[in-house]
Amino acid sequence: MLKLEIDGREVEVQHGATVMDAATKLGIYVPHFCYHRKLSIAANCRMCLVEVEKAPKPLPACATPVTDGMKVKTSSAVAKGAQNSVMEFLLINHPLDCPICDQGGECQLQDLAVGYGGSASRYGEEKRFVMAKDIGPLVAAEEMSRCIQCTRCVRFGQEVAGVMELGMVGRGEHSEIVAFVGKSVDSELSGNMIDLCPVGALTSKPFRYSARTWELSRRKSVSPHDGLGSNLVVQVKQNRVMRVLPLENEAINECWLSDKDRFSYEGLNADDRLTVPMVRKDGRWREADWQEALEFAARGLKDFGVLASPHATLEELFLAGQLGAAPGNAADFRLRHSDFSADGRRAGIPWLGMPVTELGRLDRVLVVGSFLRKDHPLLAHRLRQAAKRGTQVHMLHSVDEDWLMPLRSRKVVAPSDLLAALPGFAEALKGAKNGAILLGNFAQQHPQAAQLHAAAQALAQETGTKLGFLGEAANSVGGYVAGLPAGGGLEAALGKQALLLLNVEPHLDCANPQAAMAAVRGARFTVNLSAYRSEVGDVLLPVTPFTETPGTFISTEGRVQGFHATVRPLGESRPAWKVLRVLGTMLGLPGFDYETVEEVRAACLGGKEVAAMLSNAIDPAGAAAGLPAAPGFQRIANVPIYFADPLVRRSLPLQKTRDARPPRAWMNARMLQSLGATDGSLVLVRQGEGEAGLVAALDDKLPENCVRIAAAHPSTAALGPMFGPITVETITAQRVA
């Protein structure tokens, strides 16, 4: 340990620490712009200049290593003079347009200018002007004249997002931050650049000019999307969500948010938002009051199946499970799963197998069947940082995606060969001091999911590593805690003559949209609890999204996180837990007399610790036959990041991104040649009873006889299961732009 003195106070720090680290430990604030504790040191703003004893001139606190016995003054006349001079230089070319700047009121430059800037400028020459730049639909770079070249955004791309999308060109006063020629900012973490920018150069394009920061109320919440459970600050004006920002929590999302978590709020008030109950009579929809709609729903619900979204709250899933557990009923939330042979053979609820923070301390990790960056952006970030520190990351998948991290090995095989390839990683994992095997969404949705689980367990036992599951949705763990599946699960639910849908769009949210829609069309009666209008069902009951209801999510690490409503329900919509409670009562079922959401949560948890319910152990006997290799072509299906649930599908800014482009039929060059097609040709894909016309695209890293076609998209919703045989034929040789 090194001892030093800052402003007359002694402190001890580790070797290698900087003066900024030592000052932070003492709670002494040193002004800065380019420094950020999660990024590398650039030392280019010079705002953190401090006086160091025996040094000939002020030194930057962020880049000055501590030495034993060092004496530092952060607010002496010398330090203040240096800091004031730097501020004067920074303001020389700044447009000083605070009254119209979106950053006004929360701007680091604005705040520090009060303490370190002059009352008037000595600079009388013309200020520089930097042209606006269009870098995509999420991040606005319209006022780059405000930029002070701190390079936080550049370093974030390289060091956190894993891809350099911005850089600096020019020198001196001609320096400016730009994207690569003809490119936009497309990282799934790009919105964090907005938070990092200490001035108003990079702002939120969807939020731009819609509110001032002091007009907004701030409420804590939890993300309803992937299994991480990122902590949010939801900012509200006049009962409307205006912006979502990260709530810092080092144990979960650190200080970051994925773009899905940040911008999905734009779908809360979509044009098709359902605000009044609707009933279908004589083939036509008409509005109804709640009493009429509920009575109509209760009359039709006899011996019914419940399909519940894994993005629903714990309380909603618990009540859905109670309905499904009634005699003659069934319920499930694992809508994209296709193998349920592990039911009854698991020792507990599948989970990550470790705290989220442990991912960064692994020395070897095998990720099986995961579109990692898009399915779990912030878990991918943690593994990326670990890989940079030396963790050996291995990939087993059916797609050779760029995870933007160094991989020690990768194996890309057809979906039917995934199980056979798993034991081949034994040598790579042996000798790990702290290793893990992680099963991703693709592996959990696989027709041989139970066999993959058992094989991964055997490999983990052989190599002395942990076994974990990367949870697909906000309540992939919570659904099991809530008592689902019930009454025979998904297959039994789809076979019922009546259906109740909870925030589910069957043609987009199910593993086999053909089978799901056939069940809906074949059902005698369907009740649809949804936040959005739909043609599916006989009665539509408007329920609220996560911002308008209290509830609980249980993350993939088993962390229970409750949250409150941030705005009042829109129109006549009601929290789904209340609607389910009333339906249960009207159906004459016991145990639905709850008055508060806290009572529902207490009944669900029953005083048990969630941690005691978690286990990744499985009895290896009795797995399903799975996916045998078959002649012809196999489908590889991913769920696009911005089509994973009803809310993100309706966020217009997210739908303008590169990741939201219509799916293509990706295949390697040999397969294209065998079809007489080229990159850009139109092809007809058939699967089961459905077909889809798609544009062919080249991906030479795909396995032989495999076609990658995304699910959960309207253009592919007519196709069958996410795995299995398909046929492909060329429609025309005409190239499509």
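Note that this is a predicted model, so its numbers are computed, not measured.
If you take SG on Cys147 and CE on Met168, they are separated by 6.0 Å, rounding to the nearest 0.5 Å. Residue Met144 holds its CE atom at 5.5 Å from NZ of Lys133, rounded to the nearest 0.5 Å. Separation of atoms CD1 (Ile554) and CG (Leu314) is listed at 4.5 Å; rounding is to 0.5 Å. Between Asn253 atom CG and Asp261 atom CG the span is 8.0 Å, to the nearest 0.5 Å. A distance of 4.5 Å separates OG of Ser573 from CZ of Arg273, quoted to the nearest 0.5 Å. Between the CG atom in Leu96 and the CG atom in Asn93 there is a gap of 10.0 Å [rounded to 0.5 Å].
Contact detail for Thr313 and Asn475: the closest heavy-atom pair is C-ND2, 3.3 Å. The minimum heavy-atom distance linking Cys101 with Gly200 is given by the pair SG-CA, 3.8 Å. Contact record, Gly229 with Val222: O-CG1, 3.8 Å, taken as the closest heavy-atom pair. Taking every heavy atom of both residues into account, Asn239 and Val567 meet most closely at OD1-CB, 3.3 Å. Contact detail for Ala113 and Leu91: the closest heavy-atom pair is CB-CD1, 4.3 Å. Nearest heavy atoms, Arg382 versus Glu250: NH2-O, 2.9 Å.
Salt bridge annotation for Lys374-Glu401: absent, with no cationic side-chain nitrogen under 4.0 angstrom from a carboxylate oxygen.
Side-chain N or O atoms of Glu548 include one that pairs as donor or acceptor with a backbone N or O of Leu570 at under 3.5 Å. Without hydrogens or angle criteria, Gln655 side chain to Val648 main chain gives a donor-acceptor distance under 3.5 Å. For Lys127 (side chain) and His94 (main-chain N/O), a donor-acceptor pair under 3.5 Å exists by modelled atom type. Although no hydrogens or angles enter the test, the distance criterion places a donor-acceptor pair under 3.5 Å between the side chain of Gln110 and the main chain of Gly105. A donor-acceptor contact shorter than 3.5 Å links the side chain of Lys205 to the backbone of Gly136. In terms of modelled atom types and a separation under 3.5 Å, the side chain of Arg649 and the main chain of Gly267 share no donor-acceptor contact. Side-chain atoms of Arg219 never come within 3.5 Å of backbone atoms of Phe563 as a donor-acceptor pair (strictly under, hydrogens ignored). Of the possible polar contacts, none joining the Asp226 side chain to the Gly471 backbone as a donor-acceptor pair under 3.5 Å is found. Side-chain N or O atoms of Gln83 include one that pairs as donor or acceptor with a backbone N or O of Leu49 at under 3.5 Å. Remark: side-chain polar atoms of Arg373 are not paired, donor with acceptor, to backbone N or O of Trp403 under 3.5 angstrom.
The aromatic rings of His32 and Tyr29 sit tilted, their planes meeting at an angle between 30° and 60°. Taking the six-membered ring where the residue is Trp, His36 and Trp256 present parallel rings, their angle staying beneath 30° rather than reaching 60°.
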Test Ser40 against Glu159 for side chain to side chain donor-acceptor pair (under 3.5 Å), laying out the working first. CA-CA 8 Å; Ser40 63; Glu159 299 165 14; 2.4 Å; yes
Begin from the C-alpha positions of Asp7 and Ser75 and carry the test side-chain contact (heavy atoms from CB on, under 4.5 Å) through to its verdict. CA-CA 8 Å; Asp7 293 344; Ser75 55; 4.3 Å; yes
Going through the checks in order, is the side-chain contact (heavy atoms from CB on, under 4.5 Å) test met by Leu378 and Leu189? CA-CA 8 Å; Leu378 290 175; Leu189 302 176; 3.8 Å; yes
Quick one: do Ile252 and Glu557 satisfy side-chain contact (heavy atoms from CB on, under 4.5 Å)? Show the steps, please. CA-CA 10 Å; Ile252 303 174; Glu557 67 171 347; 4.3 Å; yes
Derivation of the side chain to side chain donor-acceptor pair (under 3.5 Å) call for Gln149 and Ser175: CA-CA 8 Å; Gln149 286 84 44; Ser175 298; 5.7 Å; no
Would you please test Arg661 and Arg658 for side-chain contact (heavy atoms from CB on, under 4.5 Å) and show each step? CA-CA 6 Å; Arg661 290 175 182 171; Arg658 186 176 67 178; 3.4 Å; yes
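Every residue was checked against the salt bridge (charged side-chain N to carboxylate O under 4.0 Å, His left out) condition with Asp375, not counting sequence neighbours, and none meets it.
Within 6.0 Å of the NZ atom in Lys656, the count of heavy atoms belonging to other residues, nucleotides or ligands does not exceed 12. Annotation for Lys80: atom NZ counts as buried by contact number, over 12 foreign heavy atoms lying within 6.0 Å. Within 6.0 Å of CG on Asp271 lie no more than 12 heavy atoms contributed by other residues, nucleotides or ligands. In Met1, the CE atom is crowded: over 12 heavy atoms of neighbouring residues, nucleotides or ligands sit closer than 6.0 Å. Other residues, nucleotides and ligands contribute at most 12 non-hydrogen atoms within 6.0 Å of the CZ atom of Arg171. In this structure, Lys388 places its NZ atom where more than 12 heavy-atom neighbours from other residues, nucleotides or ligands lie under 6.0 Å away. Other residues, nucleotides and ligands contribute only 12 or fewer heavy atoms inside 6.0 Å of the CZ atom of Phe89.
There is no side-chain donor-acceptor pair under 3.5 Å between Asp102 and Thr203. Donor-acceptor pairing under 3.5 Å is recorded for the side chains of Asp21 and Thr18. For the residue pair Thr544 / Arg568, no side-chain donor-acceptor distance below 3.5 Å is found, with atom types taken as modelled. Defined by atom type and a distance below 3.5 Å, a donor-acceptor pair is present between the side-chain atoms of Ser184 and Asp186. A donor atom on one side chain and an acceptor atom on the other are not found under 3.5 Å apart for His311 and Asn503.
Ser210 places none of its side-chain heavy atoms less than 4.5 Å from the side chain of Arg243. The shortest distance between side-chain heavy atoms of Met20 and Cys62 falls below 4.5 Å. Considering only heavy atoms from C-beta on, Thr275 stays 4.5 Å or farther from Glu572 through its side chain. Side-chain contact between Pro377 and Ile641 is present, with at least one heavy-atom pair separated by less than 4.5 Å. Proximity of Val639 to His713: side-chain heavy atoms (C-beta onward) are nowhere separated by under 4.5 Å. Contact of the Leu352 side chain with the Leu470 side chain is registered, since non-hydrogen atoms from C-beta on lie closer than 4.5 Å. In this structure, Leu647 and Phe546 have side chains that are in contact, with non-hydrogen atoms separated by less than 4.5 Å. Using a 4.5 Å cut-off on side-chain heavy atoms (C-beta onward), Lys3 and Asp68 make contact.
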